[in-house]
Protein chains: 2
Amino acid sequence: MNRLNRTNLNNLRHSCAHLLAAAVMELWPDTKRTIGPAIDDGFYFDFEFKAPITEADLPMIEKKMREMLPSWKSFERHELSAEVAKKEYPNNPYKHELIDEFSENGKKKISFYKSGNYWDLCRGGHDEHPDKELKHFKLLSLAGAYWRGDEKNKMLTRIYGTVFPTKEELEKYLWQMEEAKKRDHRKLGKQLGLFVFSDLVGPGLPLYTPKGTLVRKLLQDHANELQKEIGYQEVWTPQLTKADLFKTSGHYEKYKDDMFTVHSHYTDEEYFLKPMNCPNHCVLYGSQPRSYRDLPVRFSDFAPLYRDEKPGELGGLTRLRSFSQDDGHCFCRQDQIEEEFTKVIRVVEQALKPFSLDYWIRLSLWDPTNKEKYLGDPATWEKAQTTLTQILKHTKISYKEAQGEAAIYGPKMDFIAVDSLGREWQISTIQLDLIMTKRFGLTYTDEKGVEQTPVMIHRAILGSPERFMGLLLEHTGGHLPVWLSPIQVMVIPITERHVEYAKQIVEQLQNVRIQIDDRNIRMQAKIRDATLQKIPYLAIIGDKEMREQTIALRTREGKDLGGIAIPTFINQLREHLEKKI
Amino acid sequence: MNRLNRTNLNNLRHSCAHLLAAAVMELWPDTKRTIGPAIDDGFYFDFEFKAPITEADLPMIEKKMREMLPSWKSFERHELSAEVAKKEYPNNPYKHELIDEFSENGKKKISFYKSGNYWDLCRGGHDEHPDKELKHFKLLSLAGAYWRGDEKNKMLTRIYGTVFPTKEELEKYLWQMEEAKKRDHRKLGKQLGLFVFSDLVGPGLPLYTPKGTLVRKLLQDHANELQKEIGYQEVWTPQLTKADLFKTSGHYEKYKDDMFTVHSHYTDEEYFLKPMNCPNHCVLYGSQPRSYRDLPVRFSDFAPLYRDEKPGELGGLTRLRSFSQDDGHCFCRQDQIEEEFTKVIRVVEQALKPFSLDYWIRLSLWDPTNKEKYLGDPATWEKAQTTLTQILKHTKISYKEAQGEAAIYGPKMDFIAVDSLGREWQISTIQLDLIMTKRFGLTYTDEKGVEQTPVMIHRAILGSPERFMGLLLEHTGGHLPVWLSPIQVMVIPITERHVEYAKQIVEQLQNVRIQIDDRNIRMQAKIRDATLQKIPYLAIIGDKEMREQTIALRTREGKDLGGIAIPTFINQLREHLEKKI
């Protein structure tokens with residue numbers, strides 16, 4: 001997300017959509033124009049062209065836009081009656097439909113905006129000096145889009161574009177787009193041999209190869225070591241459960257359509273694949289009496305989760321139908337909330353450290369103008385929100401408050417990671433839950449022997465290790481940190497007579513994931529293959545290295561580190577692994 | 001299983017069922033008797049009583065049996081027509097039904113057997129000198145049972161009993177039964193806080209507590225370390241898959257009714273929860289080209305599996321609806337079968353070593369009189385069976401050939417563990433599969449560049465870690481080996497002034513799972529609680545121990561090991577953990 005004022009940026013983008021439509025109408029006057037809103041990364045405009053256009057036409061449209069731009073000094077607002085407005089769009093049923101809607105069938109006047117010689121039905125929201133401000137645009141692509149998103153309607157042609165306040169920002173964005181294509185983790189996952197998809201198995205259900213399984217496990221272990229330090233105990237809970245569990249938790253009512261249903265031959269009872277672990281953890285908490293001294297009780301769980309995502313919305317590892325999470329739940333007293341949140345924040349920071357990721361926190365609070373939609377009593381909410389805000393003020397992490405973004409059961413913090421291309425990924429989350437423990441009738445006995453209800457904190461460290469693997473592949477362009485790389489060192493003997501020495505090196509590098517490429521092919525081909533596999537270190541050995549008991553070290557980036565003695569290399573590697581570089 | 005000749009034992013047991021029926025008819029002459037077969041552990045007889053009896057009546061029946069026994073010198077066979085036979089059982093529709101069936105509606109004569117003054121419709125199979133051989137019997141329990149197992153029929157009263165050739169065998173069996181009750185892993189699992197079941201979640205779906213999760217994980221790691229050494233690479237494959245996968249593997253046709261079906265809101269395609277990993281591993285194997293040099297390719301997988309077991313057949317951890325396996329598949333050339341089997345046998349032996357379990361191997365071969373029912377060509381079968389037999393001859397493991405017990409796709413070896421009560425549990429398995437790789441069209445390129453089909457070996461080391469946990473709990477009576485115990489040492493400070501020293505001890509015992517019981521209760525109560533939890537070592541500390549920098553060591557068996565210096569204890573523990581004692 002761009003850090004500019006979002007409204008100004010939207011105005012800029014929407015203005016550029018006008019300019020696009022103006023150019024199209026100039027080039028193909030018999031086109032039916034429809035709507036052109038600003039979107040997250042730019043804008044689009046939907047048209048019904050008389051004859052289809054192609055992406056090859058985009059430069060011509062851009063050129064026309066640039067020709068017209070100097071005459072666009074401002075946006076002027078005009079008000080028209082519906083009747084007059086319709087005459088502006090002869091034979092354009094889309095605009096007529098909009099006019100009827102906006103004018104409430106002729107009852108109200110509607111607004112048009114004019115810039116240069118072009119005007120169009122519009123509710124407004126433009127920049128003030130288009131000729132000066134609209135310079136840094138680019139048309140990006142074409143797509144088909146149904147009128148009003150309804151597949152029963154006619155398919156229109158959508159032109160996507162973007163515009164930024166400065167040349168630098170536009171160039172950065174275009175570079176990001178280009179880089180993102182190269183770094184597509186689905187492509188990299190295949191190239192690095194980490195996971196595969198299969199038509200026999202189904203969409204959103206990857207099979208992890210030994211290499212991918214290793215990365216997944218190392219990420220799990222990484223999160224697990226850190227959460228163990230703050231008292232999270234690993235549990236393992238069933239993935240298949242009766243509807244009763246979700247009726248108790250409330251998910252049945254709210255989340256039923258996002259769960260896979262399961263059928264047994266022996267019962268008509270409804271079963272589901274679990275989409276989250278919290279209800280199971282409530283059952284575990286409730287399976288024995290708890291005293292105030294036992295709290296906090298903290299469970300972590302890597303059991304697989306399942307969500308019935310739309311096939312069209314699945315994308316590599318970033319949205320899956322089956323995945324796991326470094327998921328955990330903390331059952332604690334109200335007076336322990338602050339400490340528990342603080343601990344988790346610290347662990348998330350430690351967990352993110354090895355990845356050179358920027359991040360910030362979104363603090364999601366309730367909507368103060370609509371308190372009724374939240375569950376639980378307002379005093380507890382106020383107190384909890386103040387606590388969370390105080391905690392964040394004490395950390396050095398930048399955060400933004402998001403009013404109205406809280407879950408219905410409590411306020412939450414989401415860690416938003418910013419990758420090397422500046423793209424944002426929601427990863428870790430820490431959520432206060434003032435409700436679910438009540439629904440499960442969970443209690444603890446306080447100092448006075450009175451039964452009390454604990455609160456629950458839902459939290460994830462890296463989130464889903466599978467999704468995080470996808471993020472990391474794109475963030476690093478496949479250059480996984482050494483400690484995460486499935487193969488850390490590839491030994492490349494130049495000829496067959498160097499293979500024996502290669503084996504000696506492997507012997508010396510214990511606890512390192514090392515392989516020898518002893519294929520009978522040229523050294524350059526071996527280097528190319530190891531580089532394509534993004535193996536961090538290539539240890540090339542020939543006569544000189546054998547004689548001097550060294551290796552010629554080379555990185556996957558193509559950097560030649562020269563001859564290096566084995567003990568020196570071992571020390572360097574050990575440091576990398578210990579520090580998780 | 002008793003090692004006696006099974007036929008003789010069955011005859012003995014069936015004879016005793018006659019004796020039981022004779023006593024019942026003597027005591028309650030208006031009872032309707034039905035059938036009384038021998039079963040695995042004894043025999044039963046089903047009756048329709050006029051007035052219900054209770055288990056309190058069993059001694060009276062036993063007494064009557066003993067009174068009658070001296071007159072049972074032999075079993076005499078008589079042949080009767082159906083008509084005459086029916087007169088023997090006035091008002092007994094059960095016997096009439098059997099008589100019609102056995103006589104083919106009066107066409108054939110049927111046999112009766114007489115001993116003492118009692119006779120009964122019977123196909124035969126008795127011992128020759130009941131008065132001498134039937135002495136060591138015991139009636140065990142009562143249960144309800146539908147006539148012919150059909151719930152639409154009348155509920156009868158079933159009396160269970162057993163009989164052995166010798167007094168010692170009977171006593172051993174009764175001791176086993178008694179011990180088994182005490183060692184019931186469901187009871188122990190609760191007492192040791194390892195797992196819980198919940199009505200909200202469903203039958204056969206345990207939730208593992210932190211302690212149970214640890215045991216499960218240690219068992220997985222134990223198997224995993226060993227299988228890694230012989231080249232198995234861990235993979236992780238989806239639990240949810242399209243029917244297409246199982247149609248390709250053949251499971252759809254053979255195994256469909258044992259799988260849970262899954263429904264997505266977005267497709268009508270059939271989905272299943274996987275009951276085994278082999279089809280997924282075939283997909284992984286097939287996801288890249290393989291050369292003869294790459295083989296064997298070996299995958300291991302701990303992904304959860306699901307089987308739609310009948311609710312009535314579920315039992316604690318020994319039969320579950322969701323479980324995992326230390327499952328693995330080896331894709332290899334024909335000439336590698338021997339080596340691969342041998343490696344796995346060695347690993348299974350190593351894996352079983354720490355558990356003091358006896359075991360033997362059942363070698364399941366094809367039925368030489370019915371070769372048509374097996375898939376694959378006979379020459380390959382013959383060769384494979386010879387190979388497997390040769391391998392077993394070279395090991396020192398006792399094995400038995402089981403003709404006709406092979407899977408349809410190939411011969412197999414099953415490890416049968418014998419626990420401390422003499423009960424048998426099938427655990428590890430190694431199965432040759434000559435078919436599935438063909439079904440998936442898997443290939444490798446041989447030395448000549450020709451495409452060949454690899455064979456596949458299915459194998460498990462301990463089998464399911466969950467089930468193995470159940471076995472171990474019963475085998476050890478909850479006394480898990482030290483390396484598997486969730487808490488290895490409980491430090492028991494006698495009074496509050498010893499707590500500080502307790503903490504010092506904990507500091508010194510790094511990497512040991514150790515806790516302090518600092519509750520303000522009497523030492524004896526703390527000892528009792530730790531013993532109930534079956535914690536291997538209790539380190540009791542008072543003034544003397546503080547002064548002498550020792551601990552008073554006590555085992556869960558109640559053995560007092562006296563004062564011991566901390567370093568000595570650390571060494572002892574380290575040895576236990578390294579050797580997995």
Side-chain angles (χ1 to χ4, degrees), chain A residues 193 196 198-202 204-214 216-217 233-242 244-248 257-267 269 271 273 279-281 283-284 286-288 299 301 303-304 306 308-312 321-322 440, chain B residues 193 196 198-202 204-214 216-217 233-242 244-248 257-267 269 271 273 279-281 283-284 286-288 299 301 303-304 306 308-312 321-322 440:
Chain A
V196 297
S198 156
D199 283 344
L200 290 178
V201 175
L205 299 164
L207 296 85
Y208 298 90
T209 64
K211 286 182 185 171
T213 303
L214 182 72
R216 180 177 175 274
K217 209 172 172 216
Q233 295 185 294
E234 207 177 331
V235 298
W236 181 257
T237 55
Q239 296 90 60
L240 176 65
T241 60
K242 277 164 64 175
D244 294 0
L245 185 73
F246 298 114
K247 285 179 182 163
T248 306
D257 290 340
D258 296 306
M259 301 197 282
F260 286 102
T261 54
V262 178
H263 172 71
S264 159
H265 296 86
Y266 302 109
T267 173
E269 265 187 298
Y271 273 79
L273 289 179
N280 271 306
H281 291 183
V283 171
L284 267 183
S287 70
Q288 61 179 87
F299 296 137
D301 202 327
Y306 307 86
D308 191 9
E309 304 280 1
K310 274 190 199 167
R321 296 182 126 183
S322 166
F440 276 92
Chain B
V196 298
S198 157
D199 282 344
L200 290 178
V201 175
L205 299 164
L207 296 84
Y208 298 90
T209 64
K211 285 181 186 170
T213 303
L214 182 72
R216 180 178 176 274
K217 210 173 170 214
Q233 295 185 294
E234 210 178 330
V235 299
W236 181 257
T237 55
Q239 296 89 58
L240 177 64
T241 60
K242 278 164 62 176
D244 294 359
L245 185 72
F246 298 115
K247 285 179 184 165
T248 306
D257 290 340
D258 296 305
M259 301 198 281
F260 286 103
T261 54
V262 178
H263 172 72
S264 159
H265 296 86
Y266 302 109
T267 173
E269 264 187 297
Y271 273 79
L273 290 178
N280 272 304
H281 292 184
V283 171
L284 267 184
S287 70
Q288 61 179 88
F299 297 137
D301 202 327
Y306 307 86
D308 191 9
E309 303 280 2
K310 274 191 195 165
R321 294 181 126 184
S322 165
F440 276 92

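Residue numbers start from 1 in every chain, and the chains themselves are labelled A, B, ... in the order their sequence lines are given, proteins ahead of strands. Note that the structure is a prediction, hence the values are computed from the model and not measured.
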Q: Might you point out which heavy atoms bring B:G202 and A:K242 nearest each other, and give the distance in Å?
A: CA-CD, 3.5 Å
Q. What residue, out of B:A303, B:P304, B:G193, B:G312, has the most heavy-atom pairs lying under 4.5 Å from chain A?
A. B:P304
**Q.** Residue pair B:Y266 / A:D308: nearest heavy atoms and the distance that separates them
**A.** CE1-O, 2.9 Å
Q. Where does A:P206 contact chain B at under 4.5 Å (heavy atoms): side chain, backbone, both or neither?
A. backbone
Q.
Between B:Y306 and chain A, with a heavy-atom cut-off of 4.5 Å, which part of the residue counts as in contact: side chain, backbone, both or neither?
A. side chain
Q) At a heavy-atom separation under 4.5 Å, does B:V196 approach chain A through its side chain, its backbone, both, or neither? A) side chain
Q: Identify which part of B:S264 has an atom lying under 4.5 Å from any heavy atom of chain A, answering side chain, backbone, both or neither.
A: both
Q: Let me know if B:S287 has heavy atoms under 4.5 Å from chain A in its side chain, its backbone, both or neither.
A: side chain
Q: Measure B:K247 against the heavy atoms of chain A and call it side chain, backbone, both or neither at under 4.5 Å.
A: neither
Q | Max heavy-atom pair count under 4.5 Å with chain A, selected residue of B:Q233, B:K217, B:H263 | A | B:H263
Q: Considering non-hydrogen atoms only, spot the tightest contact between B:M259 and A:H265 and give its length.
A: O-CE1, 3.2 Å
Q: Check whether any side-chain heavy atom of B:Q239 sits under 4.5 Å from a side-chain heavy atom of A:Q239, and report yes or no.
A: no
Q: Using non-hydrogen atoms and a 4.5 Å limit, figure out which bit of B:T209 sits close to chain A: side chain, backbone, both or neither.
A: both
(Q) Could you tell me if the side chain of A:T213 sits less than 4.5 Å from the side chain of B:W236, heavy atoms only? (A) yes
**Q.** chain A interface, residue from B:T267, B:D199, B:D301, B:D258 that has the most non-hydrogen pairs under 4.5 Å
**A.** B:D199
Q. With distance as the sole test, does B:S198 use its side chain to make a donor-acceptor pair with the main-chain N or O of A:V283 at under 3.5 Å?
A. no
Q: Quick one: closest heavy-atom pair of B:T237 and A:L207, and the distance?
A: CG2-CD2, 4.1 Å
**Q.** Atom group of B:L273 that falls short of 4.5 Å from chain A, counting heavy atoms
**A.** side chain
Q.
Is there a side-chain contact between A:L284 and B:Y208 in this structure, where contact means two heavy atoms from C-beta onward sitting under 4.5 Å apart?
A. no
Q) Can you tell me how far the CZ atom of B:R321 sits from the CG atom of A:L240, to the nearest 0.5 Å? A) 7.5 Å
Q.
Could you report the tightest heavy-atom contact between B:Y271 and A:V201, atom names first, then the distance?
A. CE2-O, 4.0 Å
Q.
As an exercise: rank B:T241, B:T261, B:T248, B:D244 by heavy-atom pairs under 4.5 Å with chain A and give me the winner.
A. B:T261
Q | Interface moiety of B:Q288 toward chain A, non-hydrogen atoms closer than 4.5 Å | A | neither
